[in-house]
Amino acid sequence: MEAVALNHVSFRYTGENQNSGVRDIHLTVQQGECVLLTGVSGCGKSTVLRLINGLAPYFYEGRLEGDIRLMGKSAKEIPFAEISRVCGSVFQNPRSQFFYLNTSSEMAFGCENQGIPAEEIRKRLKETVQEFDIAKLENRNIMKLSGGEKQKIAFAGIYAGNPDIYVLDEPSANLDFDAVRDIQTVIRKLKSMGKTIIISEHRLYYLMEIADRVCYMKDGQIQEEYTIQEFRNLSREALHERGLRTLNYQTLRKEAEISGSDAENAEASGFLELKNVICRYDRKSAPVVEIPCCQIPLHRKIAVIGHNGAGKSTFTDGFCGMNVSVKGDFLIQGKPFPKKQRVRECYKVFQEVNHQLFASSVEEEISLGSPETSKEKMQNVMEILGLSQYRDVHPMAVSGGQKQRIALASAIFSGRKYIFLDEPTSGLDYMQMQNVSRLLNEVMPYLEMMLIITHDLEFILQTCEEVIHIEKGQVLEQYSLDKQGKERLFDFFGEA
């Protein structure tokens, strides 16, 4: 039986984003099948998912043409309020779909919204907790969970509603490798239960043993379709030509073993030293990060790695002066680097980039709060990051990957000397990741330091020269990315 059928479907958004959308989409997905949608950021993957789950045109307004059928029934005949009974959605940022702070209440919300009797809801929640093995996540504060745990709650809440179809929009984007493995297990379990899964992703490696077919999208159309075996047989060069990420990280390991690195011969030109630094969430809470002593080399691109919840963001927030509950000494070449100076000279690009987009156009957002006025520099930054065509578009009207690039452009254009980036390649395809890497290489000579929180192994190998590994609020290890350092890096990421 066809679970999903899109016949000659076209959709154009209204308003400032009217030039994006999809054209003449023909896609059928059989019940129990897992189909992977991939392609560069902005190619139309998310729009296809929004058409399936009803968010377009009900929430994202626009002009829809063609026929969409879910479980044999025309989507036009299914009231929007009833679609969740048929189709459940998990987004890139699970917080965007939460309604409660309590995990158990959140898992029950979908069922309550469908008017399911209380006794049946309790039964479903019990079964869901058992199926997902998440007893330890019951009755917890959602805001205190790691990224992977939040995604598990999002999956569980949808699963409790028992839909036949799941649409997943880059569910792995902000997760570490362990959390990705957990999500992989969840998706595999859903497939074994006969659920239909349509998933949009840039991270591809974890789906190679799960997906049945791959649809490659470009310019709003499905341009190529592969069986999973055909897709796995594509060369790395063929993938990169299409803007796609590597399918097997062991290929990266082999290349890293024979390639050189600037870090092998580079010498640090000064250090920023941290002494007895303690970061808390607030003045009364227990320490989240404790660093007795740490020397960070200047004029390097430094990857900050560690599992979700290790303290990486808390560490960089304290560094930037964004967290008032920080004690300890920050020294540059032995001279004090006080908080007021750090606030003036540091800039952080957040992981949840929506929290720092305020202006009414992309160009205005990039220049907001910056003393820089050069139109030439503005044009150069936008061209390198592929933002020129969105100059007059509202920042909230573009894709997640494009929002990341806008925030990164803001950081570069501002002219600050200490830049901190929290997952700058989250949701980016291979070509955009290369663009970010190239831009960081270009601006590094004008900076004193760059710290990059990232779970992106491919990006680290291409961009960074040094690694700081944080776990449980401690600097566990620190090393240059010479041959030995690369081995340590691959050991951390494990057998992906």
- [ ] Side-chain contact test, heavy atoms from C-beta onward, threshold under 4.5 Å: evaluate it for Glu209 versus Arg188 and give yes or no.
- [x] yes
Open item on the list: Between Arg300 and Glu466, does any side-chain N to carboxylate O distance fall below 4.0 Å?
Closed with: yes
Task: Glu106 versus Phe99, closest heavy-atom pair with distance - done: OE1-N, 2.7 Å
Open item on the list: Is the shortest side-chain heavy-atom distance between Val48 and Met217 below 4.5 Å?
Closed with: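 SC-SC contact between Val48 and Met217 confirmed.
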Open item on the list: We want to know whether Tyr390 and Gln402 form a side-chain donor-acceptor pair, criterion being a heavy-atom distance below 3.5 angstrom.
Closed with: yes
TODO: Could you verify whether a donor N or O on one side chain and an acceptor N or O on the other, from Ser414 and Ser370, lie under 3.5 Å apart?
DONE: no
Task: Note: Arg488-Asp491 ion pair, threshold 4.0 Å (strictly below) - done: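 Salt bridge flag = no for Asp491 with Arg488.
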Open item on the list: Between Arg203 and Glu170 (salt bridge meaning N to carboxylate O under 4.0 Å), is one present in this structure?
Closed with: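 Not counted as a salt bridge, because no side-chain N and carboxylate O are separated by less than 4.0 Å.
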TODO: Say whether Arg236 and Thr246, considering side chains only, have a donor N or O and an acceptor N or O under 3.5 Å apart.
DONE: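 Result is yes, a qualifying pair exists.
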TODO: Answer yes or no: is there an ion pair linking Asp317 with Lys312, defined by an N-O contact shorter than 4.0 Å?
DONE: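 So Asp317 does not pair with Lys312 through a salt bridge.
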Task: Residue pairs passing the ring pair (Phe, Tyr, Trp, His ring centres under 6.0 Å) test where at least one lies in residues 420-440, sequence neighbours excluded - done: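 Every ring pair (Phe, Tyr, Trp, His ring centres under 6.0 Å) pair that includes a residue of residues 420-440, provided the two are not neighbours, is His240-Tyr430, Phe319-Phe420.
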Open item on the list: I'd like to know whether Ser367 forms a side-chain hydrogen bond (donor to acceptor under 3.5 Å, both in side chains) with Glu363, so could you lay out the CA-CA distance, the side-chain angles of the two residues, the decisive distance to 0.1 Å, and finally the verdict.
Closed with: CA-CA 6 Å; Ser367 62; Glu363 182 175 15; over 6 Å; no
- [ ] Could you verify whether a donor N or O on one side chain and an acceptor N or O on the other, from Asp429 and Ser41, lie under 3.5 Å apart?
- [x] no
TODO: List for me each residue that meets ring-ring contact (aromatic ring centres under 6.0 Å, His included) alongside Tyr166, sequence neighbours excluded, and say none if there are none.
DONE: none
Task: Thr38 side chain to Lys45 side chain, donor-acceptor N/O pair below 3.5 angstrom - done: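 No, because no side-chain N or O of Thr38 sits under 3.5 Å from a partner of the opposite role on Lys45.
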Which atom pairs, donor and acceptor, lie under 3.5 Å between side-chain atoms of residues 324-338 and protein residues at least two apart or in another chain?
{"from": "Ser325", "atom 1": "OG", "to": "Arg283", "atom 2": "N", "distance (Å)": "3.1"}
{"from": "Gln333", "atom 1": "OE1", "to": "Phe271", "atom 2": "N", "distance (Å)": "3.2"}

- [ ] Evaluate ring pair (Phe, Tyr, Trp, His ring centres under 6.0 Å) for Tyr418 paired with Tyr347, printing each intermediate quantity in order.
- [x] CA-CA 6 Å; Tyr418 299 85; Tyr347 190 108; over 10 Å; no
